[in-house]
Amino acid sequence: MRIRMFVTTALATGTLAALAAAPAEATEYSSALKVRGIQYDAPGSDSNSCRTGNTDEEYLTIKNYSSGTTVNLKGYVVKDKAGNRFTFTANHYLQPGDYVKLRGGNGTDSDTKNVVYRDNCNFMWNNDKDTIYLYKPSGAGADSHAYTKSQNDRDGNGYITYHN
């Protein structure tokens with residue numbers, strides 16, 4: 001009995017150590033919704049003025065990679081490493097293969113234009129490095145990616161693509 005308990009504890013400890021060592025960008029979840037890409041650095045000089053700023057040029061593209069399931073975004077949460085968050089509070093249905101751009105700033109959400117605004121004029125994503133987290137309404141992870149400008153944005157245009 002003592003040997004079995006030791007082996008089980010050792011296996012559990014090894015599994016936890018392996019999970020802790022895995023980088024955030026390597027996490028793979030079973031979810032139809034995934035982060036397709038991020039415009040983490042809005043073109044031009046950053047200005048978070050609601051009237052004249054460019055926070056609407058910073059966006060996250062979320063895509064439904066399912067081949068046959070429509071997904072409602074209501075209740076999904078997007079967060080960054082610092083804990084800034086956005087919760088989809090309204091129904092927004094993504095058909096298989098469809099996407100939505102979650103933009104900063106203020107604007108009118110539109111299913112036909114595939115856009116939802118955060119209604120917040122502060123930038124959410126850091127221009128040098130950050131981590132993107134997408135959570136299901138249940139709180140379970142749907143997708144996550146860590147990025148650094150130097151390693152992931154080779155062409156320097158402020159946009160990174162995931163999940164081709």
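Numbering of residues begins at 1 and proceeds along the displayed sequence.
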Separation of Asp130 CG from Lys81 NZ (nearest 0.5 Å) = 8.5 Å
Looking just at side-chain N and O atoms, do His92 and Asp109 make a donor-acceptor pair shorter than 3.5 Å?
-> no
Of all heavy-atom pairs between Pro43 and Asn54, which one has the smallest distance, and what is that distance?
-> O-ND2, 2.9 Å
Taking all atoms of both residues into account, what is the closest heavy-atom pair of Ser66 and Pro96, and its distance?
-> O-CB, 3.1 Å
Flag the pair Trp125 / Thr131 as yes when at least one side-chain heavy-atom distance between them is below 4.5 Å, and no otherwise.
-> no
With Ser110, which of Thr112, Asn114, Thr108 fulfils side chain to side chain donor-acceptor pair (under 3.5 Å)?
-> Thr112
Val77 vs Leu134 side-chain heavy atoms within contact, under 4.5 Å | no
Residue of the set Thr70, Thr69, Val100 for which side chain to side chain contact (heavy atoms under 4.5 Å, CB included) holds with Leu94 = Val100
Which value, rounded to the nearest 0.5 Å, describes the distance between Ile62 atom CD1 and Leu33 atom CG?
-> 7.0 Å
Whether Arg103 side chain and Asp56 backbone form a donor-acceptor pair below 3.5 Å | yes
Rounded to the nearest 0.5 Å, how far does CG of Asn84 lie from CG of Asn126?
-> 8.5 Å
Within the 6.0 Å centroid threshold, strictly below: Tyr135 and Tyr76 | no
Decide yes or no on side chain to side chain donor-acceptor pair (under 3.5 Å) for Asn64 and Asp98, but give the supporting numbers first.
-> CA-CA 6 Å; Asn64 180 354; Asp98 203 4; over 6 Å; no
Determine whether Tyr40 and Lys149 make a side-chain contact, defined as any pair of heavy atoms from C-beta on separated by less than 4.5 Å.
-> yes
Working to the nearest 0.5 Å, report the span between OH of Tyr59 and OH of Tyr159.
-> 5.0 Å
Any donor and acceptor pair, going by atom type alone, linking the side chain of Gln39 with main-chain N or O of Asp41 inside 3.5 Å?
-> yes
Mind checking whether Val35 and Phe123 sit in one hydrophobic cluster, side chains of I, L, V, M, F, W, Y counted as touching below 4.5 Å?
-> no
Are Arg118 and Glu58 close enough, and set up right, to give a salt bridge (charged side-chain N to carboxylate O under 4.0 Å, His left out), and what steps lead you there?
-> CA-CA 11 Å; Arg118 290 189 296 112; Glu58 178 186 85; 3.7 Å; yes
Are any non-hydrogen side-chain atoms of Tyr147 and Tyr162 less than 4.5 angstrom apart?
-> yes
Ser31 versus Lys136: any side-chain heavy-atom pair under 4.5 Å?
-> yes
Mind checking whether Tyr117 and Leu102 have side chains closer than 4.5 Å, heavy atoms only?
-> no
Roughly how far, to the nearest 0.5 Å, is NZ of Lys63 from CG of Asp143?
-> 13.0 Å
Any side-chain heavy-atom pair of Val78 and Tyr133 under 4.5 Å | no
Using a 4.5 Å cut-off on heavy atoms from C-beta on, say whether the side chain of Leu60 contacts that of Ile132.
-> yes
Mind checking the OG1-CG spacing from Thr161 to Asp153? Nearest 0.5 Å is all I need.
-> 9.5 Å
Hey, what's the ring geometry for His145 with His163, parallel, tilted or perpendicular (30° and 60° as the breaks)?
-> perpendicular
